[in-house]
Amino acid sequence: MRRALQCLARGPFGWIAILTGLVLGCARANDDTPPRTLTVFAASSLTEVFAELEAEHEAANPGVDVVVSTAGSQALRVQIEHGAPADVFASANAAHMQALVGAGLVRHDVRFAEGELVIVVPRDNPAGITSLEDLPRAERIVLGAPEVPVGAYARTMLEQAGARYGPEFRARVEAHVVSLEPNVRLVLAKVELGEADAAVVYRSDATATRAVTIVAIPADVGVRAQYHAGVLTAAAEPELARAFVEHLRSPFARAALERHGFLVSDAEDR
């Protein structure tokens, strides 16, 4: 080794070569360091925006690998209750989050966004639905299952709509429900595939596809989804988890959420 260094040092660029080799060697050593993994359980409706936040968070935190797993909030809650390893839980429903907080499984819970319900219909709109009042005309309606956040919100909205369209409005709509889905993505897919004439989803999901037309729901009967995130008590990376949750309220995250159709301006105050 000493002879090799002496030979390199004799040339005009010898020491530069030595230093370059040392730097590259250190870089290779650093590359061998395994990344710290941050596991995030997130509601299905957060799929696109969390993919963006995942990439940004990794870029800002070298050596951190953010792994996002999405499903219905109720399914993720059950997984956490049964000991599934995760660091962060982001729910589309405050009730699922509060159940975990009450059980001592989640802490540092914050509200970071809200979601607005809309009706989606196929692009050709075979049932001719242009308003919430028209919804009972659809022969095939798809909703989220009652235990799914988007399904629970939809039923609350339909109940409130009775004040505007008559007390039987919810029953008239539910008489045409042909499928109950376990998450909002599957609800939306039924309309995208032409297997439903209408469905109730979040605006953030509806704006992510060009295969549907959005029909607004009147503000006086609309229901806002409450998005909460918290750190699991059993998190393997509690510091990274807390930093990620706090990052959800950063200017970058707020702008990303708004681009994807979420409401953030007053989410923290409601």
Would you find a donor on one side and an acceptor on the other, under 3.5 Å apart, between the side chain of Asn183 and the backbone of Ser44? no
Show your working on side chain to side chain contact (heavy atoms under 4.5 Å, CB included) between Asp205 and Val150 and close with a plain yes or no. CA-CA 11 Å; Asp205 291 278; Val150 73; over 6 Å; no
Any chance you could measure Glu114, atom CD, to Arg203, atom CZ, to the nearest 0.5 Å? 14.0 Å
Looking at every non-hydrogen atom in both residues, tell me the closest pair between Pro238 and Arg107 and how far apart they are. CB-NH2, 4.1 Å
Who are the salt bridge (Lys or Arg N to Asp or Glu O under 4.0 Å) partners of Glu147, not counting sequence neighbours? none
Connecting only ILVMFWY residues whose side-chain heavy atoms lie within less than 4.5 Å of each other, what is the rest of Leu100's hydrophobic cluster? Phe41, Leu76, Ile80, Phe89, Met97, Val101, Leu105, Val106, Leu232
Heavy-atom closest pair, residues Asp197 and Ala138: CB-CB, 3.9 Å
Test your reading of the model: is there a side-chain donor-acceptor pair from Thr207 to the backbone of Gly261, 3.5 Å cut-off? no
Residues forming a ring pair (Phe, Tyr, Trp, His ring centres under 6.0 Å) with His108, sequence neighbours excluded: none
Run the side chain to side chain contact (heavy atoms under 4.5 Å, CB included) check on Val142 and Val177 step by step: do they pass? CA-CA 6 Å; Val142 176; Val177 172; over 6 Å; no
Carboxylate-amine/guanidinium contact Glu81 Arg77, below 4.0 Å: yes
Can a donor-acceptor pair be found, under 3.5 Å and without considering hydrogens, that links the side chain of His247 to the backbone of Ala243? no
Spacing of Leu38 atom CG and His57 atom NE2 [to the nearest 0.5 Å]: 6.0 Å
What verdict does the side chain to side chain contact (heavy atoms under 4.5 Å, CB included) test give for Glu52 and His260, after you've listed the backbone C-alpha separation in whole Å, the side-chain angles of each residue and the deciding distance to 0.1 Å? CA-CA 10 Å; Glu52 186 174 332; His260 286 272; 2.9 Å; yes
Tell me if a side-chain donor or acceptor on Gln74 pairs with a main-chain N or O of Pro182 at a distance below 3.5 Å. yes
If only atom types and distance count, is the side chain of Glu58 paired as donor or acceptor with the main-chain N or O of Val66 below 3.5 Å? yes
How far apart are the closest heavy atoms of Met157 and Gly222, and which atoms are they? CG-CA, 4.4 Å
Under 3.5 Å, side chain of Tyr227 to main-chain N/O of Gly115, donor-acceptor pair present? no
Grab the two heavy atoms, one from Val173 and one from Pro136, that are nearest each other, plus how far apart they are. CG2-CG, 3.9 Å
What's the spacing between Leu248 CG and His228 NE2 if we round to 0.5 Å? 12.5 Å
Pairing of Arg155 and Glu159 as salt bridge, 4.0 angstrom limit: no
Relative to the ring of Phe50, is the ring of Phe244 parallel (under 30°), tilted (30 to 60°) or perpendicular (over 60°)? perpendicular
Correct closest heavy-atom pair for Ala229 and Val245 would be O-CG1, 4.0 Å
When you measure from the side chain of Asn61 to the backbone N and O of Val64, does any donor-acceptor pair fall under 3.5 Å? no
Heavy atoms of Val191 and Ala198 approach each other most closely as CG2-C, 4.0 Å
Side-chain donor-acceptor pair under 3.5 Å between Thr37 and Glu237, yes or no? no
Quick one: does any side-chain atom of Asp65 pair with a main-chain N or O of Arg36 as donor and acceptor, under 3.5 Å? no
With the side chain counted from C-beta on, respond yes when Glu116 and Tyr202 share a heavy-atom pair under 4.5 Å apart, and no when they do not. no
Ser250 side chain to Glu246 backbone, donor-acceptor under 3.5 Å: no
How long is the span from the OG atom in Ser131 to the CD1 atom in Ile119, to the nearest 0.5 Å? 7.5 Å
Side-chain (Glu181) to main-chain (Val187) donor-acceptor, under 3.5 angstrom: no
Could you give the distance from CD (Gln160) to CG (Asp220), rounded to the nearest 0.5 Å? 9.0 Å
Rounded to the nearest 0.5 angstrom, the CG-CG distance for Leu158 and Leu132 is 7.0 Å
